[in-house]
Undergrad: 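Got a structure for you, written out below as C-alpha coordinates; questions coming shortly.
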2 protein chains.
Amino acid sequence: MVSIGLIAAFFTTVSFIPQALKTLKTRDTSGISLPMYIMFFLGVSLWIVYGLEINDSSIVIGNSCVLMFIVPILYIKIKAVSAEKVPT
Amino acid sequence: MVSIGLIAAFFTTVSFIPQALKTLKTRDTSGISLPMYIMFFLGVSLWIVYGLEINDSSIVIGNSCVLMFIVPILYIKIKAVSAEKVPT
(Lines give C-alpha, C1' and ligand atoms only; values in the text may rest on other atoms or scores of the structure.)
Protein backbone atom coordinates (compact mmCIF):
# COMPACT_ATOMS: atom_id res chain seq x y z
CA MET A 1 0.00 0.00 0.00
CA VAL A 2 1.41 3.41 -1.00
CA SER A 3 2.10 5.28 2.22
CA ILE A 4 -0.07 8.25 3.09
CA GLY A 5 3.16 10.17 3.53
CA LEU A 6 4.05 9.65 -0.12
CA ILE A 7 0.62 10.85 -1.26
CA ALA A 8 0.90 13.84 1.09
CA ALA A 9 4.35 14.65 -0.32
CA PHE A 10 2.98 14.32 -3.85
CA PHE A 11 0.17 16.84 -3.24
CA THR A 12 2.28 19.40 -1.37
CA THR A 13 4.91 19.16 -4.13
CA VAL A 14 2.76 19.34 -7.27
CA SER A 15 0.48 21.96 -5.72
CA PHE A 16 3.01 24.62 -6.77
CA ILE A 17 2.63 23.72 -10.46
CA PRO A 18 -0.73 25.48 -10.97
CA GLN A 19 0.58 28.53 -9.10
CA ALA A 20 3.73 28.64 -11.23
CA LEU A 21 1.69 28.27 -14.44
CA LYS A 22 -0.78 30.96 -13.35
CA THR A 23 1.99 33.40 -12.42
CA LEU A 24 3.90 32.71 -15.66
CA LYS A 25 0.69 33.25 -17.65
CA THR A 26 -0.83 36.25 -15.86
CA ARG A 27 2.27 37.91 -14.30
CA ASP A 28 -0.22 38.92 -11.60
CA THR A 29 1.73 38.78 -8.34
CA SER A 30 0.07 41.62 -6.42
CA GLY A 31 -1.70 39.19 -4.08
CA ILE A 32 1.34 36.99 -3.63
CA SER A 33 3.53 37.57 -0.57
CA LEU A 34 7.23 38.08 -1.33
CA PRO A 35 8.29 37.29 2.27
CA MET A 36 6.37 33.99 1.99
CA TYR A 37 8.21 32.87 -1.13
CA ILE A 38 11.60 34.00 0.19
CA MET A 39 11.09 32.02 3.42
CA PHE A 40 9.65 29.06 1.56
CA PHE A 41 12.60 29.09 -0.87
CA LEU A 42 14.97 29.12 2.11
CA GLY A 43 13.07 26.33 3.86
CA VAL A 44 12.94 24.10 0.78
CA SER A 45 16.65 24.67 0.15
CA LEU A 46 17.40 23.63 3.74
CA TRP A 47 15.23 20.51 3.25
CA ILE A 48 17.47 19.60 0.30
CA VAL A 49 20.62 20.11 2.42
CA TYR A 50 19.01 17.99 5.16
CA GLY A 51 18.07 15.26 2.68
CA LEU A 52 21.65 15.19 1.39
CA GLU A 53 22.95 15.10 4.97
CA ILE A 54 20.87 12.05 5.91
CA ASN A 55 21.12 10.50 2.45
CA ASP A 56 17.36 10.48 1.83
CA SER A 57 16.81 10.81 -1.92
CA SER A 58 13.01 11.27 -1.63
CA ILE A 59 13.50 14.41 0.48
CA VAL A 60 16.11 15.70 -1.99
CA ILE A 61 14.06 14.92 -5.12
CA GLY A 62 10.72 16.11 -3.71
CA ASN A 63 12.10 19.42 -2.51
CA SER A 64 14.16 19.93 -5.68
CA CYS A 65 10.89 19.70 -7.63
CA VAL A 66 9.27 22.28 -5.33
CA LEU A 67 12.29 24.54 -5.75
CA MET A 68 11.95 24.26 -9.52
CA PHE A 69 8.28 25.33 -9.34
CA ILE A 70 8.73 28.25 -6.92
CA VAL A 71 11.76 29.84 -8.60
CA PRO A 72 9.72 31.32 -11.49
CA ILE A 73 7.09 32.61 -9.03
CA LEU A 74 9.79 34.23 -6.87
CA TYR A 75 11.61 35.64 -9.95
CA ILE A 76 8.47 37.24 -11.41
CA LYS A 77 7.45 38.62 -8.00
CA ILE A 78 10.91 40.14 -7.35
CA LYS A 79 10.91 41.70 -10.85
CA ALA A 80 7.45 43.20 -10.27
CA VAL A 81 8.39 44.55 -6.83
CA SER A 82 11.69 46.01 -8.05
CA ALA A 83 9.86 47.68 -10.93
CA GLU A 84 7.57 49.07 -8.22
CA LYS A 85 4.54 47.68 -10.04
CA VAL A 86 3.30 45.78 -6.98
CA PRO A 87 3.74 45.83 -3.20
CA THR A 88 5.87 43.13 -1.54
CA MET B 1 23.01 21.30 17.40
CA VAL B 2 19.50 22.02 16.10
CA SER B 3 18.97 19.84 13.05
CA ILE B 4 18.79 21.48 9.63
CA GLY B 5 15.54 19.58 9.18
CA LEU B 6 13.98 21.44 12.10
CA ILE B 7 15.09 24.82 10.71
CA ALA B 8 13.80 23.81 7.26
CA ALA B 9 10.46 22.79 8.78
CA PHE B 10 10.31 26.08 10.68
CA PHE B 11 10.79 28.18 7.51
CA THR B 12 8.38 26.20 5.33
CA THR B 13 5.77 26.38 8.11
CA VAL B 14 5.98 30.04 9.13
CA SER B 15 6.35 31.16 5.51
CA PHE B 16 2.57 31.00 5.17
CA ILE B 17 2.05 33.61 7.93
CA PRO B 18 3.00 36.64 5.76
CA GLN B 19 0.79 35.30 2.96
CA ALA B 20 -2.15 34.81 5.31
CA LEU B 21 -1.69 38.30 6.80
CA LYS B 22 -1.38 39.89 3.33
CA THR B 23 -4.51 38.09 2.05
CA LEU B 24 -6.50 38.95 5.19
CA LYS B 25 -5.42 42.60 4.87
CA THR B 26 -5.71 43.17 1.10
CA ARG B 27 -8.31 40.52 0.10
CA ASP B 28 -6.32 40.50 -3.16
CA THR B 29 -6.36 36.89 -4.34
CA SER B 30 -6.40 37.38 -8.11
CA GLY B 31 -2.80 36.21 -8.47
CA ILE B 32 -3.24 33.31 -6.08
CA SER B 33 -3.98 29.88 -7.57
CA LEU B 34 -7.05 28.16 -6.14
CA PRO B 35 -5.97 24.70 -7.38
CA MET B 36 -2.64 25.23 -5.57
CA TYR B 37 -4.26 25.92 -2.22
CA ILE B 38 -6.79 23.09 -2.60
CA MET B 39 -4.00 20.60 -3.36
CA PHE B 40 -1.78 22.03 -0.64
CA PHE B 41 -4.66 21.84 1.86
CA LEU B 42 -5.19 18.18 0.89
CA GLY B 43 -1.47 17.43 1.12
CA VAL B 44 -1.05 19.06 4.51
CA SER B 45 -4.13 17.24 5.83
CA LEU B 46 -2.66 13.94 4.65
CA TRP B 47 0.63 14.82 6.38
CA ILE B 48 -1.34 15.20 9.62
CA VAL B 49 -3.00 11.80 9.10
CA TYR B 50 0.43 10.31 8.35
CA GLY B 51 1.94 11.91 11.46
CA LEU B 52 -0.88 10.47 13.59
CA GLU B 53 -0.40 7.08 11.92
CA ILE B 54 3.32 6.91 12.76
CA ASN B 55 2.89 8.77 16.05
CA ASP B 56 5.20 11.65 15.10
CA SER B 57 4.03 14.76 16.95
CA SER B 58 6.37 17.13 15.08
CA ILE B 59 4.76 16.21 11.75
CA VAL B 60 1.29 16.62 13.28
CA ILE B 61 2.05 19.95 15.00
CA GLY B 62 4.01 21.45 12.10
CA ASN B 63 1.37 20.64 9.52
CA SER B 64 -1.48 21.67 11.83
CA CYS B 65 0.16 25.11 12.01
CA VAL B 66 0.40 25.27 8.21
CA LEU B 67 -3.25 24.22 7.95
CA MET B 68 -4.19 27.04 10.33
CA PHE B 69 -2.35 29.58 8.13
CA ILE B 70 -3.69 28.39 4.76
CA VAL B 71 -7.36 28.05 5.75
CA PRO B 72 -7.99 31.84 5.73
CA ILE B 73 -6.20 32.17 2.36
CA LEU B 74 -8.27 29.33 0.88
CA TYR B 75 -11.51 30.73 2.40
CA ILE B 76 -10.97 34.25 1.03
CA LYS B 77 -9.95 32.89 -2.39
CA ILE B 78 -13.03 30.60 -2.61
CA LYS B 79 -15.31 33.49 -1.60
CA ALA B 80 -13.76 35.75 -4.24
CA VAL B 81 -14.03 33.09 -6.96
CA SER B 82 -17.62 32.21 -6.05
CA ALA B 83 -18.52 35.90 -6.15
CA GLU B 84 -16.93 35.85 -9.62
CA LYS B 85 -14.64 38.70 -8.61
CA VAL B 86 -11.46 36.83 -9.58
CA PRO B 87 -10.44 33.89 -11.76
CA THR B 88 -9.48 30.59 -10.07
Side-chain angles (χ1 to χ4, degrees), chain A residues 1-54 56 59 62-63 66-67 69-70 73-74 76-77 80 86-88, chain B residues 1-54 56 59 62-63 66-67 69-70 73-74 76-77 80 86-88:
Chain A
M1 194 190 108
V2 177
S3 114
I4 290 181
L6 213 60
I7 303 168
F10 172 78
F11 275 110
T12 44
T13 300
V14 302
S15 67
F16 284 93
I17 296 177
Q19 181 66 66
L21 293 176
K22 182 181 176 84
T23 303
L24 284 165
K25 201 173 114 193
T26 66
R27 305 280 156 158
D28 175 1
T29 60
S30 63
I32 287 174
S33 162
L34 180 58
M36 168 188 160
Y37 276 88
I38 290 172
M39 280 200 266
F40 203 81
F41 178 88
L42 192 60
V44 167
S45 306
L46 287 171
W47 273 121
I48 294 170
V49 171
Y50 178 66
L52 291 169
E53 197 186 54
I54 63 166
D56 184 323
I59 289 181
N63 284 281
V66 174
L67 206 64
F69 302 143
I70 64 173
I73 301 168
L74 190 54
I76 292 169
K77 177 69 186 182
V86 296
T88 58
Chain B
M1 194 192 107
V2 177
S3 115
I4 290 182
L6 212 61
I7 303 168
F10 172 78
F11 276 110
T12 44
T13 300
V14 302
S15 66
F16 284 93
I17 295 178
Q19 181 66 66
L21 292 175
K22 182 182 175 86
T23 304
L24 283 166
K25 200 173 114 193
T26 66
R27 305 280 154 159
D28 175 359
T29 59
S30 62
I32 288 175
S33 162
L34 181 57
M36 168 189 159
Y37 275 89
I38 290 173
M39 280 199 267
F40 203 81
F41 178 87
L42 192 60
V44 168
S45 308
L46 287 172
W47 274 121
I48 294 171
V49 171
Y50 178 67
L52 291 169
E53 197 186 56
I54 63 167
D56 184 323
I59 290 181
N63 284 282
V66 174
L67 206 64
F69 303 143
I70 63 172
I73 302 168
L74 189 54
I76 292 169
K77 177 68 184 181
V86 295
T88 58

Undergrad: Given heavy-atom pairs under 4.5 angstrom as the criterion, report whether the side chain, backbone, both or neither of B:Val66 touches chain A.
TA: neither

Undergrad: Could you give me the CA-CA distance, side-chain angles and deciding distance for A:Phe16 and B:Phe40, then say whether side-chain contact (heavy atoms from CB on, under 4.5 Å) is met?
TA: CA-CA 8 Å; A:Phe16 284 93; B:Phe40 203 81; 3.6 Å; yes

Undergrad: May I ask you to check whether over 12 heavy atoms, not counting those of B:Phe69, lie within 6.0 Å of atom CZ?
TA: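 Yes, enclosed.
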
Undergrad: For residues B:Trp47 and A:Gly5, report the shortest heavy-atom separation together with the two atoms involved.
TA: CH2-O, 3.6 Å

Undergrad: Need one label for B:Ala9: side chain, backbone, both or neither, based on atoms under 4.5 Å from any heavy atom in chain A.
TA: both

Undergrad: For A:Ile4 versus B:Val49, what's the shortest heavy-atom pair and its separation?
TA: CD1-CG1, 3.6 Å

Undergrad: How close do A:Gly31 and B:Ile32 get, counting heavy atoms only, and between which atoms?
TA: O-CD1, 3.6 Å

Undergrad: Out of B:Val14, B:Asp28, B:Ile7, which one racks up the most heavy-atom pairs below 4.5 Å with chain A?
TA: B:Asp28

Undergrad: Distance check, rounded to the nearest 0.5 Å: B:Met36 atom CE versus A:Ile73 atom CD1?
TA: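 Here the rounded value is 6.5 Å.
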
Undergrad: Counting N and O atoms only, with roles assigned by atom type, does the side chain of B:Gln19 sit under 3.5 Å from a partner on the main chain of A:Pro35, one being a donor and the other an acceptor?
TA: no

Undergrad: Against chain B, work out which of A:Thr26, A:Ile17, A:Thr13, A:Leu42 has the most heavy-atom pairs shorter than 4.5 Å and name it.
TA: A:Leu42

Undergrad: Among A:Ser45, A:Gly51, A:Gly43, which has the most heavy-atom pairs under 4.5 Å with chain B?
TA: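 Between A:Ser45, A:Gly51, A:Gly43, the count favours A:Gly43.
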
Undergrad: In terms of heavy-atom proximity below 4.5 Å to chain A, should B:Tyr37 be classed as side chain, backbone, both, or neither?
TA: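 Interface part for B:Tyr37: side chain.
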
